[in-house]
Amino acid sequence: MPIVVDQVRLLLAEHPTLRDHLHGAWWPRSGDITGELAPLLRVVAARARVVFGVALNRDEWPGAPLALHPTITGRVKVAWYGLSEPHLMVLRLDRQRKLALLVVPPETLENVALAAMLMASQPGNDRTTTDVLARAAARTATIAS
């Protein structure tokens, strides 16, 4: 059963494994990374004990500072990366453990966001972030019609 934390709209796999492409999903309420990131890191750190680093796609957070150190969770290195997969956040928990999260765009309809979050937190998932969002949209469109 996935771990749900409603305050930050986060859904994590109960037992994330290295073979899973995604380990959960985060649905921020806005595009303000400076306001959104600290509460997310606080929740993840409470479960994983510590978060050493965060990798984000720079193109998805326009206007965000190049260096960001959320003080609530201690000194966490936030890095911007240029991977070709959009809507992805990688949290480094230690040298070997990481959490790869689907970042659901804030403007996503609730039914699509929830479906995508459930898909991203399922054990054994191997879908890309784009595929998960597209499948969630298609699934909810089929149910609505």
Side-chain angles (χ1 to χ4, degrees), residues 1-68 70 73 76-145:
M1 168 179 259
I3 305 297
V4 181
V5 181
D6 189 39
Q7 308 90 296
V8 294
R9 301 194 306 190
L10 173 68
L11 188 68
L12 296 174
E14 189 171 4
H15 300 288
T17 67
L18 289 175
R19 70 177 176 264
D20 297 334
H21 181 64
L22 296 170
H23 306 108
W26 174 48
W27 185 22
R29 297 182 188 284
S30 75
D32 173 22
I33 192 65
T34 56
E36 296 280 350
L37 191 57
L40 169 72
L41 294 177
R42 190 174 334 125
V43 169
V44 174
R47 179 172 180 218
R49 295 194 185 114
V50 68
V51 177
F52 288 110
V54 179
L56 298 165
N57 189 316
R58 178 74 177 154
D59 294 336
E60 292 181 52
W61 303 97
L66 290 175
L68 183 64
T73 58
V76 175
K77 180 180 177 174
V78 177
W80 304 104
Y81 65 91
L83 294 179
S84 59
E85 188 171 358
H87 310 296
L88 180 65
M89 169 187 280
V90 179
L91 304 175
R92 188 171 53 83
L93 306 178
D94 58 33
R95 289 184 186 256
Q96 296 173 330
R97 292 185 315 144
K98 66 176 181 157
L99 284 177
L101 300 178
L102 164 68
V103 180
V104 179
E107 68 279 359
T108 304
L109 296 174
E110 183 175 9
N111 58 346
V112 175
L114 295 176
M117 292 175 81
L118 287 170
M119 285 182 210
S121 64
Q122 293 303 308
N125 73 72
D126 62 352
R127 306 214 182 280
T128 65
T129 55
T130 304
D131 189 36
V132 169
L133 288 169
R135 285 177 179 264
R139 181 176 291 172
T140 56
T142 302
I143 292 170
S145 57

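- Judged purely by distance below 3.5 Å, without hydrogens or angles, the side chains of Asp20 and Thr17 pair a donor atom with an acceptor atom.
- Taking CZ from Arg135 and OG1 from Thr130, the interatomic distance works out to 12.5 Å, rounded to the nearest 0.5 Å.
- Side-chain contact between Val104 and Val112 is absent, with no heavy atoms from C-beta onward closer than 4.5 Å.
- Shortest non-hydrogen contact noted between Met89 and Leu40 is SD-CD2, 3.5 Å.
- Nearest heavy atoms, Pro39 versus Val8: CB-CG1, 3.5 Å.
- Glu85 and Thr129 are linked by a side-chain donor-acceptor pair at a separation below 3.5 angstrom, with hydrogens and angles left out of the test.
- Interatomic distance, Trp26 CH2 to Leu102 CG, rounded to the nearest 0.5 Å: 11.0 Å.
- In this structure, Ala13 and Ser121 approach most closely via the heavy-atom pair CB-O, 3.4 Å.
- Surrounding CD of Glu107 are more than 12 heavy atoms belonging to other residues, nucleotides or ligands, all under 6.0 Å away.
- One finds the CE atom of Met117 at 6.5 Å from the CG atom of Leu10 (value rounded to the nearest 0.5 Å).
- Under the 4.5 Å side-chain criterion, counting only non-hydrogen atoms from C-beta, Leu109 is not in contact with Thr140.
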Starting from the C-alpha separation in whole Å, work towards a yes-or-no answer on side chain to side chain contact (heavy atoms under 4.5 Å, CB included) for Val50 and Asp94. CA-CA 8 Å; Val50 68; Asp94 58 33; 6.0 Å; no

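- When atom types are taken as modelled, the side chain of Asn125 and the backbone of Leu22 share a donor-acceptor pair closer than 3.5 angstrom.
- The CG atom of Asn111 lies 12.0 Å from the CZ atom of Arg139; values are rounded to the nearest 0.5 Å.
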Worked verdict on Val43 versus Gln7 for side chain to side chain contact (heavy atoms under 4.5 Å, CB included): CA-CA 9 Å; Val43 169; Gln7 308 90 296; 5.8 Å; no

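- For the pair Ala136 and Ala115, the tightest heavy-atom approach, listed with the atom from each and the gap, is CB-CB, 3.9 Å.
- Using a 4.5 Å heavy-atom threshold, the side chains of Glu60 and His87 count as touching.
- Taking each heavy atom of Glu110 and Trp27 in turn, the nearest pair found is CA-CH2, 3.6 Å.
- Shown here for Pro28 and Arg9, the closest heavy-atom pair between the two residues is O-NH2, 3.0 Å.
- Note that CG of Leu88 and CG of Leu101 are 8.0 Å apart. Values are rounded to the nearest 0.5 Å.
- In this structure, the separation between CZ on Arg47 and CG on Leu99 is 7.0 Å, given to the nearest 0.5 Å.
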